[in-house]
Amino acid sequence: MARSLQCFQWFWVSGKTLNMQLTLEFGGGLELLCDSKKIHSVNVEPQNGADKLIMKDLLSWVRTNLIKERPEMFMKGDTVRPGVLVLVNDCDWELSGQLNTSLEEKDVVVFISTLHGG
């Protein structure tokens with residue numbers, strides 16, 4: 001999926017650090033892992049001086065900064081657990097490269113658990 005370079009909007013923070021503003025949404029019970037807050041507006045810095053942010057880096061950031069309890073319910077290794085649907089701008093991340101999906105300024109990333117207890 002080709003994206004226009006015009007969509008990239010980076011902001012300088014503290015002189016040299018690039019941050020990207022994203023909206024993260026958690027549903028299907030995953031919000032309980034993030035202090036019961038469903039929608040998070042966040043600024044995430046690409047890791048290791050990279051010029052772009054990919055989903056793998058975002059998931060690591062989420063585990064460190066948003067997940068308050070039981071991270072094993074959200075992630076398994078470097079990716080989300082089976083049964084967690086991930087949408088980037090309403091598109092299933094499986095269609096855009098999963099962990100290698102590039103993120104852009106103002107993207108909306110949704111995490112929904114499809115597994116429910118009974």
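One-based numbering along the sequence shown. Computation of the quantities below employed the complete heavy-atom set of this structure, encompassing side-chain atoms and omitting hydrogens, waters and symmetry-equivalent molecules. All values reported here derive from a predicted model rather than from experimental measurement.
- Side-chain atoms of Glu105 come within 3.5 Å of backbone atoms of Gln21 as a donor-acceptor pair (strictly under, hydrogens ignored).
- A distance of 11.0 Å separates SG in Cys34 from CG in Asn65, rounded to the nearest 0.5 Å.
- Linking ILVMFWY side-chain heavy atoms closer than 4.5 Å, directly or via other members, places Trp93 and Trp61 in a single hydrophobic cluster.
- The structure places CG of Leu87 at 6.0 Å from CG of Asp92, a figure rounded to the nearest 0.5 Å.
- Under the 4.5 Å side-chain heavy-atom criterion for grouping Ile, Leu, Val, Met, Phe, Trp and Tyr, Leu66 is not connected to Leu32 through any hydrophobic cluster.
- Of all heavy-atom pairs between Asp107 and Ser102, the closest is OD2-O, 4.4 Å.
- The two atoms that bring Val109 and Val86 nearest to each other are CG1-CG1, 4.3 Å, heavy atoms only.
- Of the options Lys38, Lys37, Glu31, a side-chain contact (heavy atoms from CB on, under 4.5 Å) to Phe26 is made by Glu31 and by none of the others.
- Environment of CE in Met75: crowded, with over 12 heavy atoms of neighbouring residues, nucleotides or ligands closer than 6.0 Å.
- Put simply, the side chain of Thr101 never gets that close to the backbone of Met55: no donor and acceptor are under 3.5 Å apart.
- Note that CG of Leu53 is 6.0 Å distant from CG of Leu22, once rounded to the nearest 0.5 Å.
- Expressed to the nearest 0.5 Å, how far CE of Met73 lies from OG of Ser113 amounts to 7.5 Å.
- Cluster annotation: Val80 is not connected to Val110 through the hydrophobic network of ILVMFWY side chains, with a link wherever side-chain heavy atoms come within less than 4.5 Å.
- Here the shortest heavy-atom pairing between Ser41 and Thr23 reads OG-OG1, 4.4 Å.
- A distance of 10.5 Å separates NZ of Lys52 from CE of Met20, quoted to the nearest 0.5 Å.
- Clustering ILVMFWY residues whenever any of their side-chain heavy atoms sit less than 4.5 angstrom apart, transitively, puts Phe74 in a cluster other than the one holding Leu85.
- The distance from the OG1 atom of Thr79 to the CG atom of Leu59 is 6.0 Å, given to the nearest 0.5 Å.
- Side-chain N or O atoms of Asn89 include one that pairs as donor or acceptor with a backbone N or O of Val108 at under 3.5 Å.
- Both Ile67 and Leu24 are assigned to one and the same hydrophobic cluster, defined by single-linkage of ILVMFWY side chains at heavy-atom distances under 4.5 Å.
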